[in-house]
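Reviewing the structure listed below.
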Protein chains: 2
Amino acid sequence: MYSGVMSTPDRLIEATRDLLWERGYVGTSPKAIQRLAGAGQGSMYHHFQGKQELALAAIVRTAALLREAADQALTGPGTAYGRIEAYLTREREVLRGCPVGRLTTDPDVMADARLRAPVDETLGWLRGRIAEIVQEGVDAGEFGPDTVPDEIAATVVATVQGGYVLARASGSAAPFDAAVRGLLALLAPPPGRAPARRPSPPA
Amino acid sequence: MYSGVMSTPDRLIEATRDLLWERGYVGTSPKAIQRLAGAGQGSMYHHFQGKQELALAAIVRTAALLREAADQALTGPGTAYGRIEAYLTREREVLRGCPVGRLTTDPDVMADARLRAPVDETLGWLRGRIAEIVQEGVDAGEFGPDTVPDEIAATVVATVQGGYVLARASGSAAPFDAAVRGLLALLAPPPGRAPARRPSPPA
DNA sequence: GTCTATAACATGATAGAC
DNA sequence: GTCTATCATGTTATAGAC
């Protein structure tokens, strides 16, 4: 149940976001949404056409928030390596998994173009944004000249998404953290090359 | 529907394996299993206590097959790098995702200790097996002495699991392949160090 | 806007005939 | 072993009163 300051539509969307994250689309019933939102049957169908439209609103909102949080870690000062490190080590509810990536296992979401689009766009944007940063790192000499930014970006995002899987399987955040540390060790410029962790201070 | 040579229990298990892979536990109904297996209601409940026991048999079998396939790529001749490469690039139905990893997003599977155990054990075994190989690579001088095998192993498995997520989100195997290539590029011993791709031929 | 009633169908199983 | 009832409950709405 949510604080009384939210409107009924907002409470319905928040309830749907939580349930989609925890149980997925197939496992989330209108009744469960109504219960969690503290809204009645008639109320829900007054504000939304049905489960599908409500899920769309929830997914769009979740995608926007994820993108915002990721961008905050990725944009800002620091070396390319440092910003990728910031993204990889930002605070996460690891055992809950990724609220967007999770939807890729939901057949009813993937079969519906409107529900699927925000998922595709969010992860696509994330790979693109990280690839830009890797390219900056190549230009700055942090990463070797043979580095392929799109590939490294895919590896970075996959490590995070897969880290969630390992964490949930084991019931512990440890494998997620291990995967991130392993990736950072592989990414770290060899000592002696270029700005290792911090950009050289202005002269 | 499955070939007539399988017993009814086997057809039920195979049908359940397929449906769990595609739709998860929550999204798989006894009726759907019966339809796909070509078995009646009474038949299913004669051979299995219910959906849960059938799912357990299906998950155990899927886990065993995955382990077998992974072990085949990981065990055998070649350098540590070469065996990890063989594992990462082995044939996969990328867009279907991992039949074991997929279950980690299923709340009813994760809430049931018996259903969850094979998932946890399989991914745990995989990380351990890969860590052994990384350790061999460190001993052989393929990987640097500061390499932490458990971490690299977690990164390798996470890249695969996350690669599936990216592939399914985009509807294309390309991001999976990109993530794998990115990881292999990071893992590759720098030219000049140790056996790059092939063990030195016997003198 | 919210409520209750109703509906048509699916779910997950049990019972007992064959 | 397989089949057809049967059942209580859940799902995903629609209809219409308030």
Side-chain angles (χ1 to χ4, degrees), chain A residues 1-59 103 106-112 114-115, chain B residues 1-59 103 106-116:
Chain A
M1 196 79 85
Y2 302 93
S3 137
V5 300
M6 289 175 70
S7 69
T8 298
D10 279 350
R11 290 202 318 279
L12 285 164
I13 291 175
E14 288 306 306
T16 305
R17 295 211 309 127
D18 277 356
L19 288 168
L20 284 182
W21 194 354
E22 186 171 335
R23 303 196 46 82
Y25 185 85
V26 176
T28 296
S29 70
K31 183 180 282 191
I33 294 170
Q34 293 152 27
R35 254 179 45 89
L36 188 57
Q41 179 100 329
S43 195
M44 181 190 122
Y45 283 102
H46 173 76
H47 293 290
F48 297 92
Q49 286 191 10
K51 175 179 170 174
Q52 194 197 1
E53 200 205 317
L54 193 38
L56 178 58
I59 292 173
L103 299 169
D106 218 310
D108 291 8
V109 170
M110 300 319 279
D112 183 319
R114 294 172 66 220
L115 296 181
Chain B
M1 194 78 83
Y2 301 94
S3 135
V5 301
M6 290 175 71
S7 68
T8 297
D10 279 350
R11 290 202 318 279
L12 285 164
I13 291 175
E14 288 307 306
T16 305
R17 297 212 308 127
D18 277 356
L19 289 167
L20 284 182
W21 194 354
E22 185 169 336
R23 303 196 45 81
Y25 185 85
V26 176
T28 296
S29 70
K31 182 181 282 191
I33 295 170
Q34 293 152 26
R35 252 179 45 88
L36 187 57
Q41 179 100 327
S43 195
M44 182 190 123
Y45 282 103
H46 172 76
H47 293 290
F48 297 92
Q49 285 190 10
K51 175 179 170 175
Q52 193 197 3
E53 201 206 314
L54 193 39
L56 178 58
I59 292 172
L103 300 169
D106 218 311
D108 291 8
V109 170
M110 299 318 279
D112 181 320
R114 294 173 65 219
L115 296 181
R116 179 195 184 141

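First the proteins, then the strands, lettered A, B, ... as listed; each starts at 1.
- Dashed line: the shortest gap from a side-chain N or O of A:Thr8 to OP1 or OP2 of C:dT2 is under 4.0 Å.
- Minimum interatomic distance between A:Val26 and B:Gly27 (heavy atoms only, all atoms of both residues): CG1-CA, 3.5 Å.
- Rounded to an integer number of Å, the gap from B:Arg35 CZ to C:dA10 C1' is 14 Å.
- Of the options A:Thr8, A:Leu54, A:Ile33, A:Leu56, a side chain to side chain contact (heavy atoms under 4.5 Å, CB included) to A:Ile13 is made by A:Leu54 and by none of the others.
- Here the CG-NZ distance, from A:Asp108 to A:Lys51, works out to 7.0 Å after rounding to the nearest 0.5 Å.
- In summary, B:Glu14 and B:Arg11 do not engage in a salt bridge, as defined by a charged side-chain N under 4.0 Å from a carboxylate O.
- Between the OH atom of A:Tyr25 and the CG atom of A:Asp112 there is a distance of 7.0 Å, given to the nearest 0.5 Å.
- Against DNA chain D, the stretch residues 38-48 of chain A makes heavy-atom approaches under 4.0 Å through A:Gln41, A:Tyr45.
- As rounded to whole Å, 18 Å separates atom P of D:dG10 from atom NZ of B:Lys31.
- Between B:Met6 atom CE and D:dG1 atom P there is a gap of 16 Å when expressed in whole angstrom units.
- Listed pair B:Ser29 / C:dT11 meets the phosphate criterion, a side-chain N or O lying under 4.0 Å from OP1 or OP2.
- Per the geometry, CD1 belonging to A:Ile33 stands 16 Å off P belonging to D:dG10, to the nearest Å.
- For the pair A:Lys51 and D:dT12, the criterion of a side-chain N or O lying under 4.0 Å from OP1 or OP2 is met.
- When all heavy atoms of A:Ala58 and A:Leu20 are compared, the pair lying nearest together is CB-CD1, 4.1 Å.
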Would you be so kind as to tabulate the donor-acceptor pairs closer than 3.5 Å made by side chains of residues 38-49 of chain A, with sequence neighbours excluded?
{"residue": "A:Gln41", "atom": "OE1", "partner": "A:Gln34", "partner atom": "NE2", "Å": "3.1"}

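- A distance of 6.0 Å separates CG of A:Leu36 from CG of A:Asp18, quoted to the nearest 0.5 Å.
- Side-chain atoms of A:Thr28 come within 3.5 Å of backbone atoms of A:Leu19 as a donor-acceptor pair (strictly under, hydrogens ignored).
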Dot-bracket for DNA chain C, 5' to 3', with Watson-Crick and G-U pairs under 3.5 Å, [ ] for crossing pairs and | for other-strand pairs: what is it?
||||||||||||||||||
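- A straight line from CD of B:Gln52 to P of C:dT11 spans 18 Å, rounded to a whole angstrom.
- Rounding to whole angstrom units, CD of residue A:Glu53 and C1' of D:dT12 are separated by 15 Å.
- Rounded to whole angstrom, the span from the CG atom of B:Leu54 across to the P atom of C:dT11 amounts to 15 Å.
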